[in-house]
Participant: 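Dumping the structure here so I can ask a few things about it.
Sequence lines set the chain letters: A, B, ... in the order given, protein chains first and strands last, and positions in each chain run from 1.
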Amino acid sequence: MSSRETILQRLRNRTGGELTAPECDFSVLKRPDWSTAERIELFEKTIESVHGEVHRCTEDTWIGRLAELLATRGARNLLVPKEHEIGLSLRSAVERESLPSLLIYDEPIESWQTALFNDVDAGITSTRGGIAETGSLILWPNADEPRLMSLVPPVHVAVLYAKEIYTTFHEAMLAQNWAAGMPTNALLVSGPSKTADIEQTLAYGVHGPKELIVLIIE
Amino acid sequence: MSETAQQSPHHIDVKEFHPRAQAAIHNPKIRQNFRKAMDGLMTKRKSAFEGWDLETLRDLGANIRLRALANLPDLLEQLEQKLTENGIKVHWAVDSDDACQIVRDICVARDAKSVIKGKSMVSEEMELNHYLEEQGITALESDLGEYIVQLAGETPSHIIMPAIHKNTGEISELMHEKTGTDLSHDVEYLTTAARLQLREKFMNADVGVSGVNFAVAETGTLCLVENEGNGRMTTTVPPCHIAVTGIEKVVPNLEDVTALMALLTRSATGQHITTYFNMISGPRKPDEMDGPEEVHLVLVDNGRSSIYQDNELLDTLRCIRCGACMNHCPVYTRVGGHTYGTTYPGPIGKILMPHLIGLDEGRHLPTASSLCGACGEVCPVKIPIPDLLVRLRQESVDGDKLHPAKVNGHGAKRGAMEAMVWKGWSWMHARPGAYRFGTNMAARFRKLQPGKIGGWTQFRTAPKLASKTLHERMKERGQ
Ligand code: SF4
């Protein structure tokens with residue numbers, strides 16, 4: 001008999017008899033209806049408490065703000081999506097000169113892994129929304145914004161629309177109907193990479209980005 | 001380096017719990033390191049749940065896990081089907097050897113020589129690193145705590161914070177000695193050094209091995225909870241990703257993970273959420289630029305299906321491995337994780353390990369508890385750990401009528417003398433005449449009472465029998 005059959009058979013013929021499944025009531029996760037302003041405020045507070053940086057901008061100001069933020073960090077380049085509006089806007093922006101050089105991730109990782117790991121200073125991605133209660137960004141990487149874009153460069157910038165901030169993870173998942181089908185990789189990102197493995201002392205950027213910058217567009 | 005840690009991780013005799021406990025108790029460094037860490041974790045957990053209806057949330061957590069266990073075989077099949085549809089290959093392993101071989105075969109088929117690992121307690125349970133090294137495949141841990149523990153040639157002393165038994169000075173010396181970093185107490189410097197060392201390894205690894213926190217049957221999704229990003233690296237950068245997990249980790253719906261996450265991270269480290277919550281539902285698609293081309297899931301039984309047979313012991317399988325029970329355990333805090341000599345230390349280890357290694361090997365584990373109840377009170381899925389400890393204690397002397405012994409190696413602590421004494425005791429208590437005669441005799445000849453009664457009098461003086469029985473005293477009072 002295969003391992004699979006052995007295991008399933010043991011589970012099916014359990015000596016304790018049939019088990020009854022209890023009801024699960026998720027209402028304890030529900031939160032009152034908060035206004036967008038309240039959600040932004042809570043999101044900001046929570047993500048800042050774990051070392052994330054938030055900047056509130058508008059459609060007209062975010063590129064200028066981004067340019068400033070990258071300049072103070074001395075970033076030489078920025079990895080941007082090829083087709084997403086964020087990438088398109090950046091590449092056609094009037095502030096183009098004040099931005100670092102823009103890179104596109106349109107080749108399989110194998111062909112430029114070393115460069116991505118060693119030479120890219122920052123990456124910018126879109127988000128599918130945010131979660132106020134936990135200060136989380138929802139990311140669904142895809143062909144245009146591959147998985148490593150938000151992981152390898154030392155600075156990750158994420159663009160979040162204020163109206164897409166949900167109150168809880170539970171609410172976001174149901175509202176966006178995730179159960180209907182998941183992408184190859186989906187993520188919640190709540191702050192820069194960190195560790196407390198050395199005597200409980202927090203240190204940032206252990207494997208992923210050292211900095212997470214969220215541009216909230218109102 | 002600590003005394004208990006110097007032993008080779010693969011040849012620890014679990015039965016030698018007491019000498020290790022003695023040594024640990026007299027090691028101020030171990031006690032300091034654990035006390036400090038556990039105090040911090042307890043405070044953080046408490047404040048993270050402020051404003052929550054914690055009891056109701058724990059009820060929900062327990063019900064979600066129970067519901068999953070109630071349908072376990074069906075869910076596993078559903079999970080397999082969904083994962084397969086998503087392009088993830090599913091393997092089943094009855095025990096550790098089986099699981100190790102599956103991982104090896106995948107590596108061999110790819111001609112893989114190096115494996116990079118994200119944190120996985122099941123792979124510790126399998127002793128996977130050791131096995132792979134024997135097969136000529138290097139396995140490197142990438143979680144910072146695991147990396148440190150591996151450099152030291154040790155095993156994790158905590159399921160969430162593997163290197164908690166070491167302080168910064170010890171880690172600095174270790175990294176200096178093994179990797180040539182400068183001696184420094186600057187945690188930032190040490191962390192950056194590890195980042196650089198490991199980035200190289202991520203780029204060159206042939207296979208990434210990770211654990212799984214929740215496997216969702218509904219969508220065929222593997223969920224990983226982590227702060228460092230090494231889990232994401234491990235599951236994204238190498239061309240092949242192998243996830244290993246216990247068969248109990250499956251949940252029916254994606255919705256379930258929202259509640260379990262709310263409980264898990266707050267219970268573990270007092271975080272509202274971890275930095276990364278990674279949901280993997282398939283290998284790289286043809287048009288995608290990164291991600292592994294192959295994803296495998298190894299479902300490991302290793303004793304879990306035996307636990308599943310018994311209605312009481314079944315609760316052990318609800319565990320979501322948050323570590324809160326060890327953080328709050330007065331015994332764990334004093335003796336530290338290595339004293340147990342088992343993959344899972346602390347209260348969860350005491351109720352889980354006897355099933356994995358047998359009650360004869362793990363005979364001291366259920367007794368390494370004061371039954372204070374703290375573990376059961378903080379457990380986010382309400383596992384009645386103290387009750388299970390009592391049950392296992394019964395089993396170690398062969399159970400009773402209500403709880404017949406079932407765990408492998410039961411009866412290991414049963415002594416002929418003790419059994420005879422208790423048999424006599426119950427015989428006497430069922431017969432008033434014999435009882436009166438017996439207690440009279442005991443009172444008359446109390447001088448002959450032995451002063452030492454085995455382990456019972458190791459740390460206490462034996463109680464003295466009274467000169468008169470209760471019956472005699474009551475008679476004297478004319479009642
Ligand atoms: S037994 Fe409960 S408290 Fe202990 S690790 Fe498991 S879930 Fe956490």
Participant: Between A:V206 and chain B, with a heavy-atom cut-off of 4.5 Å, which part of the residue counts as in contact: side chain, backbone, both or neither?
Facilitator: both
Participant: Is A:H207 reaching over with its side chain to a backbone N or O of B:L198, donor-acceptor style, under 3.5 angstrom?
Facilitator: no
Participant: Begin from the C-alpha positions of A:V189 and B:F277 and carry the test side-chain contact (heavy atoms from CB on, under 4.5 Å) through to its verdict.
Facilitator: CA-CA 7 Å; A:V189 175; B:F277 183 56; over 6 Å; no
Participant: Would B:E77 and A:R4 pass as an ion pair if we require N to O under 4.0 Å?
Facilitator: yes
Participant: Taking CD in A:E110 as the centre, count heavy atoms belonging to other residues, nucleotides or ligands within less than 6.0 Å. Is the count above 12?
Facilitator: yes
Participant: Taking B:N230, B:T56, B:V216 one by one, which has the highest count of heavy-atom pairs under 4.5 Å against chain A?
Facilitator: B:N230
Participant: Can you tell me if B:D290 uses its side chain to pair, donor with acceptor, with the backbone of A:R147 under 3.5 Å?
Facilitator: yes
Participant: Would you say the side-chain atoms of B:N311 pair up with the backbone N or O of A:G16, donor to acceptor, closer than 3.5 Å?
Facilitator: yes
Participant: Determine whether A:N142 and B:D287 make a side-chain contact, defined as any pair of heavy atoms from C-beta on separated by less than 4.5 Å.
Facilitator: no
Participant: Answer whether the closest heavy-atom distance between the side chains of A:F26 and B:L60 falls below 4.5 Å.
Facilitator: yes
Participant: For B:W52, is the NZ or CZ atom of A:R31 found under 6.0 angstrom from the centre of its six-membered ring and inside 45 degrees of the ring axis?
Facilitator: yes
Participant: Within a radius of less than 6.0 Å around CD of A:E41, do more than 12 heavy atoms belonging to other residues, nucleotides or ligands occur?
Facilitator: no
Participant: Provide the closest heavy-atom pair for A:A203 versus B:T191 in the form atom of the first, atom of the second, distance.
Facilitator: CB-OG1, 3.5 Å
Participant: Are the side chain of B:R195 and the backbone N or O of A:G205 linked by a donor-acceptor pair below 3.5 Å?
Facilitator: yes
Participant: Kindly compute the distance separating NE2 (B:H272) from CD1 (A:I47), expressed to the nearest 0.5 Å.
Facilitator: 12.5 Å
Participant: Check whether the side chains of B:E228 and A:S193 place a donor and an acceptor atom closer than 3.5 Å, and report yes or no.
Facilitator: no
Participant: Would you please say whether a donor-acceptor pair under 3.5 Å links the side chains of B:R232 and A:N185?
Facilitator: no
Participant: So which residue, B:I247, B:T219, B:T168, ends up with the most heavy-atom pairs under 4.5 Å with chain A?
Facilitator: B:T168
Participant: With a 4.5 angstrom heavy-atom cut-off, which part of A:Q113 approaches chain B: side chain, backbone, both or neither?
Facilitator: both
Participant: Quick check on the structure: residues of residues 125-138 of chain A within a heavy-atom distance below 4.5 Å of chain B, by number.
Facilitator: A:E133, A:T134, A:S136
Participant: If every non-hydrogen atom of B:M289 is compared with every non-hydrogen atom of A:A143, which pair is closest and at what distance?
Facilitator: CG-O, 3.9 Å
Participant: Is it true that, when you exclude A:D33 itself, more than 12 heavy atoms of the residues, nucleotides or ligands shown sit nearer than 6.0 Å to its CG?
Facilitator: no
Participant: Are A:S190 and B:T275 close enough, and set up right, to give a side-chain contact (heavy atoms from CB on, under 4.5 Å), and what steps lead you there?
Facilitator: CA-CA 4 Å; A:S190 317; B:T275 300; 5.6 Å; no
Participant: Might you confirm whether atom NZ of B:K406 has over 12 heavy atoms from other residues, nucleotides or ligands at distances under 6.0 Å?
Facilitator: yes
Participant: Identify the two heavy atoms, one from B:L254 and one from A:M182, that lie closest to each other, and give their separation to 0.1 Å.
Facilitator: CD2-SD, 3.6 Å
Participant: Does B:K36 come within less than 4.0 Å of A:E199, counting only side-chain N to carboxylate O?
Facilitator: yes
Participant: Is a side-chain donor or acceptor of A:R14 paired with a backbone partner of B:Y308 at a separation under 3.5 angstrom?
Facilitator: yes
Participant: Would you please test B:D143 and A:D197 for side-chain contact (heavy atoms from CB on, under 4.5 Å) and show each step?
Facilitator: CA-CA 9 Å; B:D143 170 271; A:D197 274 348; 3.1 Å; yes
Participant: Begin from the C-alpha positions of B:R304 and A:I7 and carry the test side-chain contact (heavy atoms from CB on, under 4.5 Å) through to its verdict.
Facilitator: CA-CA 9 Å; B:R304 288 164 174 81; A:I7 295 168; over 6 Å; no
Participant: What part of A:D144 gets within 4.5 angstrom of chain B, counting heavy atoms only: side chain, backbone, both, or neither?
Facilitator: neither
Participant: Looking at A:K194 and B:E188, is any side-chain nitrogen of the basic one under 4.0 Å from a carboxylate oxygen of the acidic one?
Facilitator: no
Participant: For a quick test of reading the model, state the closest non-hydrogen atom pair linking A:H170 to B:T258 and the distance between them.
Facilitator: CD2-OG1, 3.3 Å
Participant: Name the region of A:E18, side chain, backbone, both or neither, that has any atom closer than 4.5 Å to a heavy atom of chain B.
Facilitator: neither
Participant: Below 4.5 Å, heavy atoms only, C-beta onward: do B:M233 and A:L151 meet side chain to side chain?
Facilitator: yes
Participant: Tell me, side chain or backbone of A:D25 under 4.5 Å from chain B's heavy atoms, or both, or neither?
Facilitator: backbone
Participant: For the candidates B:A70, B:G40, B:P73, which exhibits the highest count of non-hydrogen atom pairs separated by less than 4.5 Å from chain A?
Facilitator: B:P73
Participant: Measure distances from A:T6 to the heavy atoms of chain B and classify the residue's part below 4.5 Å as side chain, backbone, both or neither.
Facilitator: side chain
Participant: Any idea which heavy atoms bring B:Y276 and A:P192 closest together, and the distance?
Facilitator: OH-C, 4.4 Å
Participant: Heavy-atom distance under 4.5 Å to chain B: side chain of A:P183, backbone, both or neither?
Facilitator: backbone
